[in-house]
Trainee: 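Questions regarding the structure given below will be posed in turn.
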There are 2 protein chains.
Amino acid sequence: MERVSLKMIANELGVSIATVSLVLNGKNKNGRVSQGMSQKIIDKAAELNYVPNNFAKSLKMGRSKTIGLIVADISNVFFGSLALHIQICAEKAGYTVFIGNTNEKLIEMEKMIKLFKARQVDGLIITPTEGSEKLIKDLLKADIPFVLVDRSFPELDVDSVLINNYQISNVSTKHLLKKGCRNIAFVTYKQDQFHINERKRGYMEAMKEVGLFNPENVKEVRYGFLEKDIRKAISQIMKSEKKIDGIFFATNSISLAGVKSLFNYKIELQKDIQIMCFDESEAFYLLPFSVPFVKQPIEEMGKQAVRSLLSQVERHANEERHVILNAALINK
Amino acid sequence: MERVSLKMIANELGVSIATVSLVLNGKNKNGRVSQGMSQKIIDKAAELNYVPNNFAKSLKMGRSKTIGLIVADISNVFFGSLALHIQICAEKAGYTVFIGNTNEKLIEMEKMIKLFKARQVDGLIITPTEGSEKLIKDLLKADIPFVLVDRSFPELDVDSVLINNYQISNVSTKHLLKKGCRNIAFVTYKQDQFHINERKRGYMEAMKEVGLFNPENVKEVRYGFLEKDIRKAISQIMKSEKKIDGIFFATNSISLAGVKSLFNYKIELQKDIQIMCFDESEAFYLLPFSVPFVKQPIEEMGKQAVRSLLSQVERHANEERHVILNAALINK
DNA sequence: TTCCATATATTAAACGTTTAACCTATTATC
DNA sequence: GATAATAGGTTAAACGTTTAATATATGGAA
């Protein structure tokens, strides 16, 4: 079954390729093609089940109607949800999504950017890995439309869709304080990414404000050694001189590993120790007590990312370039 | 910054486009281009940072080096993991992955197939939705390389990567029996998909074998009304005339909702009632007791799917066309 | 009649590749 | 010295579009 081209339609109707192209692209505005012929072409295209050749189109037009999505790990629910909404949203606008994983590795991120550039995507949506400023700067120089999501680099002037990390962490910490906690630990990744640092800052400021901040209470774990480091961190927390009565986990993976690790101790969670998690997990619903957590507006993030990107790609009036969405503290 | 083409390289070196093309594609086998010129071309390409135009290439060659992945919902961990490994594997082979979600809807699946066909992907990896035989048949007719994964249609002769649903369910049920259960319920989706039916069959055969099968103990819930229907099913189970002492949940979503729902009753799980789940969930690790579950070899599934697809696309000797991988019963 | 507008289509170049077929100069063979 | 083989390229068509520029026929106005 041979592929149907404009040429075939043109031949069957005895007109030129150009005429067919004009009609099928709705570009016969000023009555360039007669009503009758227009209809004939449309009908014939339907009859032959014409599907445009996107390669030829893209080659000619220089636009591919594709976007590349680069996330850390698509098997992570957060990124999976983000990808879901981005795909749905992009499709509505006529764009198709390529997907790539970095596993939080700079070199993989670089590879993916290169790959997608070679694929001539019209734009990129990226959750940048730690230390990828240079890559992002290169992207800026290369004048490729892109938008960062979930994370960004404050010193770079790039389009981004983020949440109010500082504020929500601050509020969440205060929530623990309000519940009566006086000695709250903060468990985070050993890294240097703005969004994570902001979460820490939110916690620290809240603690300082009431004169209860203790640097000892900030525990850092390594991404590649999560389980092991968490065990150690929790152990330290449990042995703490001054009894810890609250723990704030800075990310979803840390939250899960942390809670899991806490089960090894005979304490009553949400009684002896209050916990606060970042991101939702279906796991929380299986626990015999309720876990307060920070819920990110993932669907909205995806939508805004696509919107922001397409406004660059299609040269709209450049909407808001730095979108900050509000996360919610869920406590039921 | 203008895009670098073969033409530019050719002009700079005063040779023809063809020569440059041959060299950069490693097709100057029989010494068609001299060593010296070859090197010059390679160097110049590097210097100008040449990136081939994939559209032109695909247009000419009729192959795009892309594959389309169609899953139900990329935010579901199972599909996310599958996608992760498929992407990694495909990339290694020089293919890039498009992603699409069906949300288990036939019409969305159709849309995605159409979309990816228009994108001229070289092949498709699909987890087909219920009732999509016709779409799959059309795909066969259209002679498009594809492979079904996770699910298939036994009456259609299509390439597929599945797990041993019947056998693992049979074994898992027997495991419950061995633990002393005598009246085991099976909770599944109200649908008609082969892989799910096979799970049911595995359970039924095991029960029949020991003369303990009771049709009343099979409960069906609707995909779109999971929470509600599960509550009802669990309620029925708890009210069962003859006390239920084991429950086998047929999918990961059902497992989670089921366990969650069970918490509303004052029974001791894994004591009063033994449970068995399909698919792993991080949530299980948060429970104070261990949950036995069926673990699917997702990475292997992804790898095999890509391998199988590419053997079609690249016309290798057609390896195994019906791959059945073994799931494992995890019980720690 | 001559000129102009209008309606309706066509022509042809261009996008950047790939590749079969062809060309030319040099060297080897008889 | 004639012929053939080889090395080292080049030419040109083709893939399927888009679109600016051009063509042609018809009818109306002057």
Side-chain angles (χ1 to χ4, degrees), chain A residues 1-42 44-45 48-66 94 117-122, chain B residues 1-42 44-45 48-66 94 117-122:
Chain A
M1 204 155 56
E2 210 176 341
R3 217 186 149 88
V4 179
S5 65
L6 291 183
K7 197 171 170 183
M8 289 183 208
I9 300 180
N11 285 344
E12 294 239 343
L13 294 174
V15 296
S16 75
I17 296 177
T19 307
V20 179
S21 174
L22 289 175
V23 170
L24 293 182
N25 287 296
K27 298 223 167 140
N28 57 336
K29 291 299 168 194
N30 8 353
R32 305 212 15 204
V33 182
S34 68
Q35 272 290 321
M37 186 49 83
S38 272
Q39 198 53 56
K40 268 196 205 167
I41 289 174
I42 290 170
K44 185 55 89 176
L48 296 182
N49 195 17
Y50 169 71
V51 177
N53 185 320
N54 276 297
F55 299 140
K57 214 164 187 161
S58 296
L59 174 59
K60 183 70 184 132
M61 308 283 274
R63 289 180 319 117
S64 61
K65 288 275 193 173
T66 61
K117 265 166 119 175
R119 289 281 176 197
Q120 282 147 284
V121 296
D122 290 338
Chain B
M1 203 156 55
E2 210 176 342
R3 217 186 149 91
V4 179
S5 66
L6 291 182
K7 196 170 170 183
M8 288 184 208
I9 300 179
N11 285 345
E12 293 239 342
L13 295 173
V15 294
S16 76
I17 296 176
T19 306
V20 179
S21 174
L22 289 174
V23 169
L24 293 183
N25 286 298
K27 298 223 168 140
N28 56 337
K29 290 300 168 192
N30 8 352
R32 307 218 8 208
V33 182
S34 68
Q35 272 291 319
M37 185 50 81
S38 272
Q39 198 55 54
K40 268 195 203 165
I41 288 174
I42 290 170
K44 185 56 86 175
L48 297 181
N49 195 18
Y50 169 71
V51 177
N53 185 321
N54 276 298
F55 298 139
K57 215 165 186 159
S58 295
L59 175 59
K60 184 73 184 118
M61 309 283 273
R63 290 180 319 118
S64 61
K65 288 273 192 174
T66 61
K117 264 165 119 176
R119 288 282 177 197
Q120 282 147 287
V121 297
D122 291 338

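Treat the numbers as computed from the prediction; the structure is a model and nothing was measured.
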Trainee: If you take all heavy atoms of A/Asp122 and A/Arg63, which pair is closest and at what distance?
Mentor: OD1-CA, 3.5 Å
Trainee: Would you say that more than 12 heavy atoms from the other residues, nucleotides or ligands in this model lie under 6.0 Å from the NZ of B/Lys40, or not?
Mentor: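 At most 12 heavy atoms, drawn from other residues, nucleotides or ligands, come within 6.0 Å of this atom.
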Trainee: Specify the closest pair of heavy atoms between B/Val4 and B/Tyr50, including all atoms of both residues, with the distance to one decimal.
Mentor: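 That would be O-CD1, 3.3 Å.
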Trainee: Looking only at heavy atoms, what is the nearest atom pair of B/Thr66 and B/Val121, with distance?
Mentor: OG1-CA, 3.4 Å
Trainee: When you compare the protein's N or O atoms with those of nucleotides 17-23 of chain C, which come within less than 3.5 Å of each other, and at what distance?
Mentor:
from: C/dT17; atom 1: OP1; to: B/Tyr50; atom 2: OH; distance (Å): 2.7
from: C/dT17; atom 1: OP1; to: B/Asn53; atom 2: N; distance (Å): 3.3
from: C/dT17; atom 1: OP2; to: B/Leu6; atom 2: N; distance (Å): 2.7
from: C/dT17; atom 1: O5'; to: B/Tyr50; atom 2: OH; distance (Å): 3.2
from: C/dT18; atom 1: OP1; to: B/Asn25; atom 2: OD1; distance (Å): 3.4
from: C/dT18; atom 1: OP1; to: B/Asn25; atom 2: ND2; distance (Å): 3.2
from: C/dT18; atom 1: OP2; to: B/Ser21; atom 2: OG; distance (Å): 2.5
from: C/dT18; atom 1: OP2; to: B/Asn25; atom 2: ND2; distance (Å): 2.8
from: C/dT19; atom 1: OP2; to: B/Lys27; atom 2: NZ; distance (Å): 2.8
from: C/dA21; atom 1: N6; to: B/Arg32; atom 2: NH2; distance (Å): 3.1

Trainee: Could you state the atom-to-atom distance from CD of A/Gln39 to C1' of C/dT8 in whole Å?
Mentor: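 Computing the A/Gln39:CD to C/dT8:C1' distance gives 17 Å.
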Trainee: What integer distance in Å separates A/Leu59:CG from C/dG16:P?
Mentor: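 Rounding to the nearest Å, CG of A/Leu59 and P of C/dG16 are 7 Å apart.
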Trainee: Output the rounded distance in Å from CG (A/Asn54) to P (D/dC15).
Mentor: 18 Å
Trainee: Rounding to an integer number of Å, can you tell me how far B/Leu13 CG sits from D/dG8 P?
Mentor: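 Interatomic distance, CG of B/Leu13 to P of D/dG8: 17 Å.
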Trainee: Does A/Arg3 use its side chain to pair, donor to acceptor, with the backbone of A/Pro52 at less than 3.5 Å?
Mentor: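 Yes; judged by distance alone, with no hydrogens or angles, the pair exists.
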Trainee: Using only atom types and a distance under 3.5 Å, with no angle test, would you say the side chain of B/Asn54 pairs donor to acceptor with the backbone of B/Ser64?
Mentor: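 No, the answer is negative, given that no donor and acceptor are paired below the 3.5 Å cut-off.
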Trainee: How many Å lie between CD on A/Gln35 and P on C/dA7, as a whole number?
Mentor: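 Atom CD in A/Gln35 sits about 13 Å away from atom P in C/dA7.
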